[in-house]
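In what follows, a single structure is set out as structure tokens and then discussed.
Please read these numbers as outputs of a predicted model, since none were measured by experiment. Throughout, a chain's letter reflects where its sequence line sits, starting with A, and its residues are numbered from 1.
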2 protein chains.
Amino acid sequence: MVSSAIKPPETFFHSKLFRGLGNDELALLAGICQRRRLPTGEQLFRQYSPAQHVYVVVSGTLMIERLSRSGRRQVIAFAYPGDYIGFTNTDDYEYSVVCLREAELQTFPRRDFLQLVDRFPTLKTNARQIGGNVLAQTLDQLFALGQKKAHERLCFLLAQIGRRQCGTQTTDIELIMSRQDIADYLGLTIETVSRAFARLKTMGIIEIISAHRIHVLDRSVLEELASVH
Amino acid sequence: MVSSAIKPPETFFHSKLFRGLGNDELALLAGICQRRRLPTGEQLFRQYSPAQHVYVVVSGTLMIERLSRSGRRQVIAFAYPGDYIGFTNTDDYEYSVVCLREAELQTFPRRDFLQLVDRFPTLKTNARQIGGNVLAQTLDQLFALGQKKAHERLCFLLAQIGRRQCGTQTTDIELIMSRQDIADYLGLTIETVSRAFARLKTMGIIEIISAHRIHVLDRSVLEELASVH
DNA sequence: CGGGGTATTGAGACAAATCAACCTTGGTGG
DNA sequence: CCACCAAGGTTGATTTGTCTCAATACCCCG
């Protein structure tokens, strides 16, 4: 069977991970790739379990979280289509991943995937870049938690979701996660998150269509609050 | 010239990075390794500058920090002997590094180093593990900033330094960094840091020998406050 | 023995957590 | 179709924790 006989799924081309790869390389990746459907509420994997797979989100939304023994939780990130999960360098996952909205994932056995990364310089570059982005985004979050006030942290989240959610710069934001999830992401309580929403509304920056739908009225101010301080 | 003719410096053997490597491999690493002395207060490299080197701390202490345009600062980490700096996946450094106490470093040109990483599986495993540890430690800090009170965050730092600083479990901690550095690391102000010290003292957990020297009286409580919550 | 930078302590202002009540919404069964 | 219920979200009152501003203490160095 010639490699070009396997047509890689279309979504391959939309992912940074596969940018610049030749057809042969894509075909090999397609060969070790499986699809997985994950219903809302299900766990993809659990913290401390062996890191056996690497994932690319095709559709849906997931939440990356870390739990302490006492049950306190820190949400690390929300994963949207095109995002990567499990690009960890450790043998065990550092976090749990749970599905917020029915998701479809490309799954690659980690061992096989790393072998291909070794063989294809372009893939290696891409994978490195992704790993770097994960750290960069975590450092941004660290900055937000260390330096910002409640409503600024919320802007940080809204700006982030606005960027991630679909390509075009939309002013309409859908919040798939609960207030508790947002609170645990930003290091706040649900009440403070709620008040932060109210504050942004009275500041004229957002409009609250419903609890899970926000309309951004002034993107520049939002970005301003989200970033510099 | 046979490879064994180049004797790798002794410190090579003390670093996780070089664990399990053969003499030939060590010799090649020694070939691209240079020593660099960095005086107190000097910068090792600046945020956004191209990532040209990878470093291993041999002696001294350094501080990894990130600055926003408005001048606000987030301290990311403190680096002690045996720690690694610049194991970034991005082409530019995400942070600045400044020397807190006269340091000696092993420096490797990043390009050459990555080539050797590709050639030596053991080295690759080690490097991956180090990268993973960096992320894990950042996630711990994220958790601390998101979930903990001032005196708990301070315990987090003290426990961390206690672990890093020399091998044996010492109860004597030297704080090389200033109160401002600690504050910017923990996302607090210097006054709150000072009060947190006072609180831990009245709780009977530490003894304050001087501003930069702490004696740990109850390590178990310290660790407890540092971790679980 | 000053003197300047650094750290501590105190008082008041402010932000966020906590506790409690109320409101919204979406689903269910009468 | 509507009343009811439960879960999630909002709002209010109070407490707690941290920041801010100001004064004072400490210590290292000349």
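- At the heavy-atom level, A/S210 lies nowhere under 4.0 Å from the strands shown.
- The separation between A/R179 atom CZ and C/dC23 atom C1' is 14 Å, rounded to whole Å.
- Toward the 5' end of DNA chain D, the nearer of the two residues B/V193 and A/A211, judged by each one's closest nucleotide, is A/A211.
- A/E207 is linked by a side-chain hydrogen bond (donor to acceptor under 3.5 Å, both in side chains) to nothing, counting only residues two or more places apart in sequence or in another chain.
- Rounded to whole Å, atom P of C/dA16 lies 11 Å from atom CG of A/L186.
- Straight-line distance from the CD1 atom of A/I208 to the C1' atom of D/dG8: 15 Å, rounded to whole Å.
- The separation between B/E152 atom CD and C/dA17 atom P is 14 Å, rounded to whole Å.
- A salt bridge links A/R101 with A/E174: the distance from a Lys NZ or Arg NE/NH1/NH2 to an Asp or Glu carboxylate oxygen falls below 4.0 Å.
- Following rounding to the nearest Å, B/H212 (NE2) and D/dC27 (C1') show an atom-to-atom distance of 10 Å.
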Under 3.5 Å, which donor-acceptor pairs do the side chains of residues 179-186 of chain B form with other protein atoms, sequence neighbours left out?
from: B/R179; atom 1: NH1; to: B/A211; atom 2: O; distance (Å): 2.8
from: B/R179; atom 1: NH2; to: B/A211; atom 2: O; distance (Å): 2.9
from: B/Q180; atom 1: NE2; to: B/D184; atom 2: OD1; distance (Å): 3.3
from: B/D181; atom 1: OD1; to: B/R73; atom 2: NH1; distance (Å): 3.2
from: B/D181; atom 1: OD1; to: B/R73; atom 2: NH2; distance (Å): 2.8
from: B/D181; atom 1: OD2; to: B/S178; atom 2: N; distance (Å): 3.2
from: B/D181; atom 1: OD2; to: B/S178; atom 2: OG; distance (Å): 3.3
from: B/D184; atom 1: OD2; to: B/R73; atom 2: NE; distance (Å): 2.7
from: B/D184; atom 1: OD2; to: B/R73; atom 2: NH2; distance (Å): 2.9
from: B/Y185; atom 1: OH; to: B/Q160; atom 2: OE1; distance (Å): 3.3
from: B/Y185; atom 1: OH; to: B/Q160; atom 2: NE2; distance (Å): 2.8

Practice item. Heavy atoms under 4.0 Å is the rule here; annotate nucleotides 11-18 of chain D 5' to 3' with B where the base is hit, S where only the sugar-phosphate is, and - elsewhere. Key: BBB----S

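- Counting only residues at least two apart or in different chains, side-chain hydrogen bond (donor to acceptor under 3.5 Å, both in side chains) contacts with residues 130-141 of chain A comprise A/D140-B/R66.
- The interatomic distance linking A/L175 (CG) with D/dG8 (C1') rounds to 14 Å, in whole Å.
- For B/S220, the side-chain hydrogen bond (donor to acceptor under 3.5 Å, both in side chains) partners two or more places apart in sequence, or in a different chain, are B/D218.
- Here D/dG8 presents its P atom at 10 Å from CG of A/D181, a figure rounded to the nearest Å.
- Residue A/L200 contributes atom CG, which lies 12 Å from atom P of D/dT10 at whole-angstrom precision.
- Among residues at least two apart or in separate chains, side-chain hydrogen bond (donor to acceptor under 3.5 Å, both in side chains) pairs with a member in residues 37-48 of chain B are B/R37-B/E102, B/Q43-B/R46.
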